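See below for the structure under consideration.
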2 protein chains.
Amino acid sequence: MKCKYALKALVVLAAAEDKMPSKAIAKKAKVPEKFLEAILTELKKNGAITSERGAFGGHRLAKPPAKIMVGHIIRAIDGMLAPVSCASTFYYKKCRDCTHEEVCVIRHAMLEVRNQLSDKLDGMSVQNLLDMSPKQKQKIFW
Amino acid sequence: MKCKYALKALVVLAAAEDKMPSKAIAKKAKVPEKFLEAILTELKKNGAITSERGAFGGHRLAKPPAKIMVGHIIRAIDGMLAPVSCASTFYYKKCRDCTHEEVCVIRHAMLEVRNQLSDKLDGMSVQNLLDMSPKQKQKIFW
DNA sequence: CATATTCCTATAGACTTTATAGGAACAAAG
DNA sequence: CTTTGTTCCTATAAAGTCTATAGGAATATG
């Protein structure tokens, strides 16, 4: 959910013409307000969005939506893409239950899975998401 | 872990020449005994293995390892492959936060992901896992 | 009957998920 | 300088999932 909410928020921001307060994003994205606040903070830390405080403050994308990659966001919010930590590039960690990692058949298999997954996810941008929406005036994304 | 343990148990059984008691599998696979017991029960329900009770009982594969698919096992143990339930084929469930599923951009994107994932995982058998192990007498899989 | 095993049920600690609540810090407008 | 609308920060918490552990009933063999 958290990850999904993050992506929804980014799509809303990508479609918006100006900065938006979290309340407005929450409404458009149908995400619990306070929960979204925390997510936006994470997205900011991650460099995907920027924010302005105070009255008439709000959030906006930090870069063009075509440069914000879904894989990057998922890693920031959810953690590793790989099914097992020993097959992760960005969150590598040794397994307790395998001693000969070089020959571990589970690891080899899961490396293949993780590579395919990251190819897909790192090649998919927020702009791509936006483009999946059918062309119409009243934008409904979900 | 659970899923990984299940796959490890299946690889051990695939490499074995005869039925094996759970204790022996646990040792070879380096999986907690009692936990493995529960997993083997699930694998049996799923049709991947058969078992015999009593002294000299044990577990064996229910079919040739080339016909036991990793995707099938993961679904049985972990549940859906899809990142979101609305994009799952076998575990479909409507999201609360999306009303127009047909146009939902998140769902469309995650459908692509789940399709690639299931192609990979449903095309990978326990035999394939076994074949990833380097050829040598003393079989060490992990 | 003794032994080795699967099978079944219950329990439990730690962690993750999915939030909610309350208020401090900040910025703009009147 | 007060009001209003924000972000930002910290704490709390209910529910669920994960990762087992424990104990023993049922079953099969010799």
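These values consider heavy atoms only, across backbone and side chains, with no hydrogens, waters or symmetry-generated copies. Proteins get letters first, then strands, A, B, ... in listed order; numbering begins at 1 in each. Only a predicted model underlies this, so the values are computations on that prediction, with no experimental measurement involved.
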Quiz item: What integer distance in Å separates A:I39:CD1 from C:dA19:P?
Solution: 8 Å

Practice problem: Could you tell me whether B:K94 atom NZ has more than 12 heavy atoms of other residues or ligands within 6.0 Å of it? | Solution: yes

Self-check item: A:W142 six-ring face occupied by A:K30 cation (under 6.0 Å, within 45°)
Solution: no

Exercise. Can you tell me the distance, in whole Å, between the NZ atom of B:K4 and the C1' atom of D:dA20?
Key: 16 Å

Quiz prompt | Test item: side-chain donor near acceptor, A:T89 and A:R114, under 3.5 Å | solution = yes

Quiz prompt | DNA chain C-proximal residues of residues 71-91 of chain A, any heavy atom under 4.0 Å | solution = none

Quiz item: Does CZ in A:F56 sit with more than 12 non-hydrogen atoms of other residues, nucleotides or ligands closer than 6.0 Å?
Solution: no

Practice problem: Using atom CG of B:L36 as one end and atom C1' of D:dC18 as the other, report the distance to the nearest whole Å. | Solution: 16 Å

Exercise. Find the distance B:F35:CZ to D:dG23:P and express it as a whole number of Å.
Key: 19 Å

Quiz item: Is any side-chain N or O of B:Y5 closer than 4.0 Å to OP1 or OP2 of D:dT19?
Solution: no

Quiz item: Under 3.5 Å, is there a donor-acceptor pair between the A:N46 and A:E42 side chains?
Solution: no

Which atoms of nucleotides 3-7 of chain C (N or O only) lie under 3.5 Å from a protein N or O atom, and what are those distances?
from	atom 1	to	atom 2	distance (Å)
C:dA4	N3	B:A55	N	3.2
C:dT6	OP1	B:S22	N	2.6
C:dT6	OP1	B:H59	NE2	3.1
C:dT6	OP2	B:S22	OG	2.9
C:dT6	O2	B:R53	NH2	3.2
C:dC7	OP1	B:K44	NZ	2.6
C:dC7	OP1	B:S51	OG	2.6
C:dC7	OP2	B:S51	OG	3.3
C:dC7	N4	B:E37	OE1	2.6
C:dC7	N4	B:E37	OE2	3.3

Self-check item: Any B:R96 side-chain nitrogen or oxygen under 4.0 Å from OP1 or OP2 of C:dA19
Solution: yes

Practice problem: Please list, chain by chain and in numerical order, all residues satisfying ring pair (Phe, Tyr, Trp, His ring centres under 6.0 Å) with B:F35, sequence neighbours excluded. | Solution: B:Y5

Quiz item: What distance separates B:H72 NE2 from B:L81 CG, expressed to the nearest 0.5 Å?
Solution: 11.5 Å

Exercise. Calculate the interatomic distance between B:M1 atom CE and D:dT17 atom P; express it in whole Å.
Key: 19 Å

Quiz item: Below 4.0 angstrom, N of the basic side chain to O of the carboxylate: do B:K4 and B:D78 qualify?
Solution: no

Practice problem: Could you tell me the separation between the CD atom of A:E33 and the P atom of C:dA19, rounded to a whole number of Å? | Solution: 13 Å

Quiz item: Hey, does B:H59 have a side-chain heavy atom less than 4.5 Å from the side chain of B:S22?
Solution: yes

